[in-house]
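Predicted model, so just to flag it, every value in this text is computed and none were measured.
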Amino acid sequence: MELIERIKNDLKENLTEYRYIHSLGVMEMAEELAKVYNVDVESARIAGLLHDCAKYLSSEDKISKCESYGIPVSDYERKNPELLHAKLGACFANEIYGVTDSEILSAIIWHTTGCPDMSLLDKIVFIADYIEANRDKAEDLPKVRELAFKDIDACLLLILEDTI
């Protein structure tokens, strides 16, 4: 079975219906952005699909799993364990699905918070998560969606400003 199909089957079993549909939407949007910015489409699809693969765990389980995998948990993350789904998601991508591509793993890790010197794939997954078709709550979403396909850095900045 192809990796993407195997991931879809697993996610359908583990995620809520909303989160599963969202993950498919992020995969599709990441693919579209990857085509525009000349990034490997398969990498974008995999990173987009897996970005929330650890989101289903409870807060306690996220902390516990991070500790068992040796993933550092900051005091801030202990107070906000939802943030841990990104680090843990990259770990699951590697451990469960055999993803070893450091760019894909990085895109999963940074899809929630971003980081300095993001790669194009990091930016694509971060933005795809924010603008995928099922999202409707963000301010200026039509403007952000349009900007995503014209100037990825300006789009990233706008999302970060809106988030802060």
Are [X] and [Y] packed together at the side-chain level, in the sense that at least one heavy-atom pair is separated by less than 4.5 angstrom?
X      : Y      : result
Leu24  : Leu49  : yes
Met27  : Glu132 : no
Asp153 : Lys123 : yes
His85  : Tyr56  : no
Leu11  : Arg19  : no
Lys87  : Tyr69  : no

Atom pair NZ (Lys55) and OG (Ser23), whose distance is rounded to the nearest 0.5 Å: 9.5 Å
Working to the nearest 0.5 angstrom, can you tell me the gap between Leu141 CG and Ile131 CD1?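 That separation rounds to 7.5 Å.
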What I want to find out is whether Lys8 reaches Glu5 closely enough, with some N-O distance under 4.0 Å, to be called a salt bridge.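 Salt bridge: yes.
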Nearest heavy-atom neighbours spanning [X] and [Y]:
X      : Y      : result
Leu33  : Ala148 : CD2-O, 3.6 Å
Glu82  : Lys62  : OE2-NZ, 3.1 Å
Asp101 : Glu103 : OD1-N, 2.8 Å
Gly89  : Cys53  : O-SG, 3.5 Å
Ala44  : Leu121 : CA-CD1, 3.6 Å
Asp122 : Ser106 : OD1-OG, 2.9 Å

side-chain hydrogen bond (donor to acceptor under 3.5 Å, both in side chains) filter on Tyr97, not counting sequence neighbours, yields Asp10
Main-chain N/O of Lys143 paired with Asp140 side-chain donor or acceptor, under 3.5 Å: no
Ignoring hydrogens and geometry, is there a side-chain-to-backbone donor-acceptor pair from Ser68 to Lys65 under 3.5 Å?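 Yes, the answer is positive, given that a donor and an acceptor are paired below the 3.5 Å cut-off.
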Distance-only criterion, 3.5 Å: show the donor-acceptor pairs between side-chain atoms of residues 154-164 and protein atoms not counting sequence neighbours.
{"from": "Thr163", "atom 1": "OG1", "to": "Ile159", "atom 2": "O", "distance (Å)": "2.8"}

Under a single-linkage rule joining Ile, Leu, Val, Met, Phe, Trp and Tyr whose side-chain heavy atoms are separated by less than 4.5 Å, which residues share a cluster with Val73?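 Other cluster members: Ile63, Leu84.
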[Y] reachable from [X] in the ILVMFWY side-chain graph, under 4.5 Å edges:
X      : Y      : value
Ile127 : Val144 : yes
Trp110 : Leu88  : no
Tyr130 : Met118 : yes

Determine the sole option in Asn134, Thr16, Asp52 for which the side chain to side chain contact (heavy atoms under 4.5 Å, CB included) test with His22 is passed.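 One option only clears the test, and that one is Asp52.
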Which is it for Arg135 and Asp129 under the side-chain contact (heavy atoms from CB on, under 4.5 Å) test, yes or no, and what are the steps along the way? CA-CA 9 Å; Arg135 296 281 203 188; Asp129 185 31; 3.1 Å; yes
Would you say OH of Tyr76 has more than 12 non-hydrogen atoms from neighbouring residues, nucleotides or ligands within 6.0 angstrom?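 Atom OH in Tyr76 is not crowded, with 12 or fewer foreign heavy atoms closer than 6.0 Å.
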